[in-house]
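Taking it in order: structure first as C-alpha coordinates, then the write-up.
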Amino acid sequence: MKKTLMAMTLPVLLVAQVAWADVMVKMPSNFEILATEQVRIKKATKQVALPEGDQHILVRFDSPTNPHSTAQSLGFVSSKPIFVSFTAKDGEVVSLVPPRIDTQQEVKAFARQPSFKLVDAMGNTVAHESTNILFEGSPMTADYNAILAKQIGSTASPAPVLSSTAVAGAGVAAVNAAKIDVSDLTPQQADALLRDLYKNADEKRRKDFMRWALGL
(Lines give C-alpha, C1' and ligand atoms only; values in the text may rest on other atoms or scores of the structure.)
Protein backbone atom coordinates (compact mmCIF):
# COMPACT_ATOMS: atom_id res chain seq x y z
CA MET A 1 0.00 0.00 0.00
CA LYS A 2 2.80 2.35 0.91
CA LYS A 3 4.64 1.63 -2.34
CA THR A 4 1.45 2.22 -4.29
CA LEU A 5 0.89 5.55 -2.58
CA MET A 6 4.50 6.51 -3.20
CA ALA A 7 4.19 5.68 -6.89
CA MET A 8 1.09 7.83 -7.15
CA THR A 9 2.28 10.85 -5.18
CA LEU A 10 6.01 11.08 -5.84
CA PRO A 11 5.79 12.25 -9.47
CA VAL A 12 3.25 14.84 -8.42
CA LEU A 13 5.41 16.14 -5.61
CA LEU A 14 8.52 16.38 -7.74
CA VAL A 15 6.82 18.74 -10.18
CA ALA A 16 4.56 20.54 -7.72
CA GLN A 17 6.59 23.70 -7.47
CA VAL A 18 7.52 24.09 -11.12
CA ALA A 19 4.59 22.67 -13.04
CA TRP A 20 1.54 23.73 -11.10
CA ALA A 21 0.07 27.13 -10.51
CA ASP A 22 -3.43 28.21 -9.70
CA VAL A 23 -5.85 29.81 -12.10
CA MET A 24 -6.72 33.11 -10.43
CA VAL A 25 -10.17 34.51 -11.17
CA LYS A 26 -10.67 38.18 -10.26
CA MET A 27 -13.70 40.43 -10.08
CA PRO A 28 -13.94 44.24 -10.29
CA SER A 29 -15.34 46.28 -7.39
CA ASN A 30 -18.94 45.94 -8.60
CA PHE A 31 -18.97 42.17 -9.13
CA GLU A 32 -18.52 39.22 -6.79
CA ILE A 33 -18.06 35.46 -7.03
CA LEU A 34 -20.89 33.51 -5.38
CA ALA A 35 -19.83 29.91 -6.03
CA THR A 36 -17.42 27.79 -8.07
CA GLU A 37 -17.49 24.17 -9.16
CA GLN A 38 -13.89 23.39 -8.20
CA VAL A 39 -13.81 24.83 -4.69
CA ARG A 40 -16.59 25.62 -2.27
CA ILE A 41 -16.38 29.16 -0.94
CA LYS A 42 -18.06 30.18 2.29
CA LYS A 43 -19.19 33.62 1.17
CA ALA A 44 -19.05 35.93 -1.81
CA THR A 45 -15.55 37.04 -2.70
CA LYS A 46 -13.69 39.19 -5.21
CA GLN A 47 -11.18 36.56 -6.26
CA VAL A 48 -10.51 32.86 -5.96
CA ALA A 49 -7.78 30.42 -6.99
CA LEU A 50 -8.93 27.36 -8.94
CA PRO A 51 -7.28 24.29 -10.49
CA GLU A 52 -6.82 24.46 -14.26
CA GLY A 53 -9.37 23.24 -16.76
CA ASP A 54 -13.05 23.85 -17.41
CA GLN A 55 -14.52 26.36 -14.98
CA HIS A 56 -18.13 26.87 -13.93
CA ILE A 57 -18.80 29.75 -11.57
CA LEU A 58 -21.65 31.93 -10.34
CA VAL A 59 -21.10 35.68 -10.23
CA ARG A 60 -23.27 38.69 -9.48
CA PHE A 61 -23.27 42.40 -10.22
CA ASP A 62 -23.45 44.22 -6.87
CA SER A 63 -23.07 47.99 -6.87
CA PRO A 64 -24.02 51.02 -4.79
CA THR A 65 -27.09 52.63 -6.34
CA ASN A 66 -24.95 55.74 -6.73
CA PRO A 67 -21.71 54.30 -8.16
CA HIS A 68 -19.68 57.37 -7.16
CA SER A 69 -20.96 57.66 -3.60
CA THR A 70 -18.78 56.69 -0.67
CA ALA A 71 -21.61 57.03 1.85
CA GLN A 72 -23.73 54.38 0.08
CA SER A 73 -26.81 55.99 1.64
CA LEU A 74 -28.99 54.90 -1.29
CA GLY A 75 -28.20 51.24 -0.78
CA PHE A 76 -27.10 48.63 -3.32
CA VAL A 77 -28.46 47.19 -6.53
CA SER A 78 -27.72 43.57 -7.39
CA SER A 79 -28.31 41.41 -10.43
CA LYS A 80 -29.60 37.86 -10.47
CA PRO A 81 -26.84 35.21 -10.30
CA ILE A 82 -24.96 34.74 -13.58
CA PHE A 83 -23.70 31.30 -14.58
CA VAL A 84 -20.32 31.62 -16.34
CA SER A 85 -18.35 28.86 -18.10
CA PHE A 86 -14.82 29.13 -19.49
CA THR A 87 -11.54 27.21 -19.71
CA ALA A 88 -8.23 28.33 -18.21
CA LYS A 89 -4.73 26.89 -17.91
CA ASP A 90 -2.35 26.78 -14.97
CA GLY A 91 -0.90 30.15 -14.10
CA GLU A 92 -3.53 32.20 -15.92
CA VAL A 93 -5.19 35.21 -14.33
CA VAL A 94 -8.72 35.70 -15.63
CA SER A 95 -10.44 39.01 -14.88
CA LEU A 96 -14.05 40.00 -15.41
CA VAL A 97 -14.35 43.39 -17.10
CA PRO A 98 -17.74 45.16 -17.24
CA PRO A 99 -18.51 48.34 -19.18
CA ARG A 100 -18.24 51.72 -17.47
CA ILE A 101 -21.29 52.56 -15.36
CA ASP A 102 -21.65 56.15 -14.19
CA THR A 103 -25.23 56.96 -13.15
CA GLN A 104 -27.96 55.54 -10.95
CA GLN A 105 -30.06 54.86 -14.02
CA GLU A 106 -27.22 52.94 -15.64
CA VAL A 107 -26.68 50.89 -12.48
CA LYS A 108 -30.33 49.84 -12.36
CA ALA A 109 -30.47 49.07 -16.09
CA PHE A 110 -27.23 47.10 -15.94
CA ALA A 111 -28.47 45.01 -13.00
CA ARG A 112 -31.38 43.87 -15.16
CA GLN A 113 -29.19 43.00 -18.16
CA PRO A 114 -25.56 42.65 -17.04
CA SER A 115 -22.81 42.21 -19.63
CA PHE A 116 -19.07 41.78 -19.41
CA LYS A 117 -16.03 40.16 -20.96
CA LEU A 118 -13.30 37.96 -19.52
CA VAL A 119 -9.67 38.83 -20.21
CA ASP A 120 -6.32 37.30 -19.33
CA ALA A 121 -3.32 39.09 -17.85
CA MET A 122 -2.29 40.33 -21.32
CA GLY A 123 -5.71 41.81 -22.01
CA ASN A 124 -6.68 39.08 -24.46
CA THR A 125 -10.32 38.02 -24.48
CA VAL A 126 -11.08 34.68 -22.82
CA ALA A 127 -13.92 32.84 -24.53
CA HIS A 128 -16.85 32.20 -22.23
CA GLU A 129 -20.56 31.55 -22.04
CA SER A 130 -22.89 33.21 -19.55
CA THR A 131 -26.51 32.75 -18.56
CA ASN A 132 -28.65 34.83 -16.22
CA ILE A 133 -30.24 32.55 -13.63
CA LEU A 134 -33.92 32.88 -12.81
CA PHE A 135 -33.81 33.03 -9.05
CA GLU A 136 -36.55 33.70 -6.53
CA GLY A 137 -35.92 34.19 -2.86
CA SER A 138 -33.64 36.13 -0.57
CA PRO A 139 -30.00 36.57 -1.63
CA MET A 140 -29.11 36.42 2.07
CA THR A 141 -30.33 32.83 2.47
CA ALA A 142 -29.70 31.46 -1.02
CA ASP A 143 -27.57 28.32 -1.38
CA TYR A 144 -25.46 29.39 -4.33
CA ASN A 145 -23.46 26.17 -4.36
CA ALA A 146 -26.70 24.25 -4.87
CA ILE A 147 -27.82 26.69 -7.56
CA LEU A 148 -24.50 26.21 -9.36
CA ALA A 149 -24.68 22.42 -9.06
CA LYS A 150 -28.16 22.47 -10.58
CA GLN A 151 -26.91 24.53 -13.53
CA ILE A 152 -24.08 22.16 -14.37
CA GLY A 153 -26.09 19.04 -13.54
CA SER A 154 -23.47 18.02 -11.02
CA THR A 155 -24.11 15.14 -8.64
CA ALA A 156 -20.58 15.13 -7.29
CA SER A 157 -19.83 15.60 -3.62
CA PRO A 158 -19.23 19.18 -2.44
CA ALA A 159 -15.79 20.59 -3.06
CA PRO A 160 -13.39 21.36 -0.20
CA VAL A 161 -14.36 24.41 1.83
CA LEU A 162 -11.85 27.22 1.68
CA SER A 163 -11.15 29.62 4.48
CA SER A 164 -11.53 33.33 3.76
CA THR A 165 -7.72 33.60 3.76
CA ALA A 166 -7.38 31.04 1.02
CA VAL A 167 -10.11 32.60 -1.07
CA ALA A 168 -8.56 36.04 -0.78
CA GLY A 169 -5.29 35.07 -2.34
CA ALA A 170 -3.54 32.05 -0.85
CA GLY A 171 -4.94 29.61 -3.38
CA VAL A 172 -6.36 26.36 -2.01
CA ALA A 173 -3.66 26.02 0.64
CA ALA A 174 -5.94 26.74 3.56
CA VAL A 175 -8.24 23.77 3.02
CA ASN A 176 -8.92 22.11 6.34
CA ALA A 177 -7.68 18.63 5.46
CA ALA A 178 -8.96 17.18 8.71
CA LYS A 179 -12.52 17.74 7.50
CA ILE A 180 -12.06 16.28 4.02
CA ASP A 181 -12.77 12.71 2.96
CA VAL A 182 -10.34 12.38 0.06
CA SER A 183 -12.44 9.65 -1.50
CA ASP A 184 -15.08 12.31 -2.19
CA LEU A 185 -12.73 14.58 -4.12
CA THR A 186 -12.57 14.86 -7.88
CA PRO A 187 -9.13 14.27 -9.43
CA GLN A 188 -8.70 18.02 -9.93
CA GLN A 189 -9.56 18.72 -6.29
CA ALA A 190 -7.22 15.99 -5.06
CA ASP A 191 -4.40 17.36 -7.21
CA ALA A 192 -4.99 20.89 -5.92
CA LEU A 193 -5.06 19.75 -2.30
CA LEU A 194 -1.90 17.66 -2.61
CA ARG A 195 -0.06 20.41 -4.43
CA ASP A 196 -0.87 23.12 -1.92
CA LEU A 197 -0.22 21.02 1.17
CA TYR A 198 3.24 20.29 -0.20
CA LYS A 199 3.87 23.81 -1.50
CA ASN A 200 2.99 25.43 1.79
CA ALA A 201 4.87 23.01 4.03
CA ASP A 202 8.23 24.12 5.42
CA GLU A 203 11.47 22.51 4.23
CA LYS A 204 11.69 20.07 7.14
CA ARG A 205 8.16 18.76 6.62
CA ARG A 206 8.81 18.32 2.89
CA LYS A 207 11.95 16.32 3.62
CA ASP A 208 10.16 14.21 6.22
CA PHE A 209 7.40 13.46 3.75
CA MET A 210 9.82 12.54 0.98
CA ARG A 211 11.67 10.18 3.32
CA TRP A 212 8.36 8.56 4.25
CA ALA A 213 7.26 8.31 0.62
CA LEU A 214 10.57 6.71 -0.38
CA GLY A 215 10.53 4.35 2.60
CA LEU A 216 13.79 5.76 4.00
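The side-chain heavy atoms of P114 and N132, taken from C-beta on, include a pair separated by under 4.5 Å. Here the side chains of I57 and F86 are in contact, with some heavy-atom distance below 4.5 Å. Using a 4.5 Å heavy-atom threshold, the side chains of P67 and D102 count as separate. In this structure, the side chains of F116 and M27 stay at 4.5 Å or more apart for every pair of heavy atoms. Using a 4.5 Å heavy-atom threshold, the side chains of F110 and V77 count as separate.
The main-chain N or O of M24 is never found under 3.5 Å from a side-chain atom of D22 such that the two would form a donor-acceptor pair. A donor-acceptor distance shorter than 3.5 angstrom exists from the side chain of K46 to the backbone of F31, with no hydrogens or angles considered. Between the side chain of T65 and the backbone N or O of G75, at least one donor-acceptor pair lies under 3.5 Å.
Separating the CG atom in D54 from the CD atom in Q38 is a distance of 8.5 Å, to the nearest 0.5 Å. A distance of 12.0 Å separates CD of Q151 from CD1 of I82, quoted to the nearest 0.5 Å. A distance of 10.0 Å separates OG of S63 from CD of Q104, quoted to the nearest 0.5 Å. Between I147 atom CD1 and L134 atom CG the span is 11.0 Å, to the nearest 0.5 Å. The CD1 atom of I33 lies 11.0 Å from the NZ atom of K26; values are rounded to the nearest 0.5 Å.
Grouping the Ile, Leu, Val, Met, Phe, Trp and Tyr side chains by contacts below 4.5 angstrom, directly or via other members, places V93 apart from V119. Hydrophobic clustering (side-chain heavy atoms under 4.5 Å, transitive across Ile, Leu, Val, Met, Phe, Trp, Tyr) groups L58 together with I152.
Among I101, L96, D62, the single residue meeting the side-chain contact (heavy atoms from CB on, under 4.5 Å) criterion with N30 is I101. The residue from H56, E129, Q55 that alone fulfils the side-chain hydrogen bond (donor to acceptor under 3.5 Å, both in side chains) condition with S85 is H56.
For the pair E32 and R60, the salt-bridge criterion is met [side-chain N within less than 4.0 Å of a carboxylate O].
Closest approach of P98 and P28 over heavy atoms only: CD-CG, 3.6 Å.
Within 6.0 Å of atom NZ in K80, more than 12 heavy atoms from other residues, nucleotides or ligands are found, so the atom counts as buried in its surroundings.
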